Amino acid sequence: MEFDVAGHRLVFQKGDITTIAADAIVNAANSGLLGGGGVDGAIHRSGGPGIMRELNEVRAQIGRCPPGQAVVTSAGDLPADWVIHAVGPIYRDGKSGEAEQLAACYRNSLRLAQEHDALRVTMPSISTGVYGYPMRSAAQIAIETVVGCLEQPDNTLKSVTFVLYDDPAFRTHVELAEKLLA
């Protein structure tokens with residue numbers, strides 16, 4: 001499913017984010033930048049050990065990466081130039097700043113993509129796996145934030161593609177996008 005947002009493409013597709021060609025791929029990372037399960041584990045497995053070597057250097061400089069923030073490495077063996085490791089919030093009660101942190105996560109990811117001259121970005125649904133963020137709420141924040149970034153006059157991105165891992169996540173994102181962009 002594809003939408004036009006101020007002359008830019010916003011795409012939703014179901015699949016494996018590690019197989020989709022892009023200039024930058026967003027990784028749903030943990031604050032320790034240590035790899036993990038889900039999307040993070042898949043990106044590290046497919047991208048190879050060079051990504052973790054670069055993250056080791058990043059950790060030596062900054063320590064942990066707080067929720068809402070992101071860092072960049074090269075993409076190793078992935079079909080991309082960059083991996084943007086974005087740390088989403090762990091969902092507690094929806095009243096502990098999670099929405100602001102999740103929106104910041106997407107904004108910082110797209111800012112870093114543009115700073116690295118990326119034109120095409122792929123991203124997962126951040127924080128909706130083991131971090132427990134309810135899918136519908138997370139999808140609305142993600143879509144609204146990405147649309148807001150694409151509508152900025154200084155935006156240089158050509159496309160942002162949400163690559164979603166299953167049918168329910170895909171349907172939720174498309175349904176919300178249709179409502180928000182109608």
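Residues take their numbers from the sequence shown, with the count starting at 1. Note that the coordinates shown come from a computational prediction; the quantities given were computed from them, not determined experimentally.
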According to a hydrophobic-cluster definition based on side-chain heavy atoms being under 4.5 Å apart (Ile, Leu, Val, Met, Phe, Trp, Tyr only), do [X] and [Y] belong together?
X      : Y      : value
Leu110 : Val87  : no
Leu181 : Val146 : yes
Val58  : Leu34  : no
Met123 : Val147 : yes
Ile90  : Val130 : yes

- Message: When you compare the side chains of Arg107 and Thr145, does any donor N or O come within less than 3.5 Å of an acceptor on the partner?
- Response: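 No pair is found: no donor N or O on one side chain lies under 3.5 Å from an acceptor on the other.
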- Would you kindly say whether Asp81 and His116 are connected by a side-chain donor-acceptor distance under 3.5 Å? no
Would you compute the distance between atom [atom1] of [X] and atom [atom2] of [Y] and round it to the nearest 0.5 angstrom?
X      : Y      : atom1 : atom2 : value
Ile43  : Thr18  : CD1   : OG1   : 7.5 Å
Lys14  : Met1   : NZ    : CE    : 14.5 Å
Ile25  : Arg120 : CD1   : CZ    : 12.0 Å
Asn108 : Gln69  : CG    : CD    : 4.5 Å
Met135 : Leu176 : CE    : CG    : 10.5 Å
Gln140 : Leu102 : CD    : CG    : 11.5 Å

- Message: Under 4.0 Å between a side-chain nitrogen and a carboxylate oxygen: does that hold for Arg53 and Glu57?
- Response: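 Salt bridge: no.
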Hey, does [Y] have a side-chain heavy atom less than 4.5 Å from the side chain of [X]?
X      : Y      : result
Leu55  : Val71  : yes
Val83  : Glu54  : no
His85  : Ile51  : yes
Tyr91  : Ser127 : no
Ile141 : Tyr133 : yes

Short side-chain to backbone donor-acceptor contact, [X] and [Y], under 3.5 Å:
X      : Y      : answer
Ser137 : Pro134 : no
His8   : Leu157 : yes
Glu98  : Gly94  : yes
Asn30  : Gly35  : yes

Heavy-atom closest pair, residues [X] and [Y]:
X      : Y      : answer
Ala29  : Leu33  : CB-CD2, 4.2 Å
Ala86  : Val26  : CB-CG1, 4.0 Å
Ser109 : Ile84  : O-CD1, 3.3 Å
Gly88  : Ile126 : CA-CG2, 3.7 Å
Ala113 : Ala24  : CB-CB, 4.4 Å

- Message: If we check side-chain contact (heavy atoms from CB on, under 4.5 Å) with Gln13, which of these qualifies: Leu164, Val174, Val163?
- Response: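 By the side-chain contact (heavy atoms from CB on, under 4.5 Å) criterion, Gln13 pairs with just one of Leu164, Val174, Val163: Val163.
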- Query: Should Met52 and Arg59 be marked as a side chain to side chain contact (heavy atoms under 4.5 Å, CB included) after you check the CA-CA gap, both sets of side-chain angles, and the distance that decides it?
  - Reply: CA-CA 10 Å; Met52 187 55 73; Arg59 274 195 319 281; 3.9 Å; yes
- Could you check whether the rings of Tyr106 and Phe162 sit parallel, tilted or perpendicular, using 30° and 60° as the cut-offs? tilted
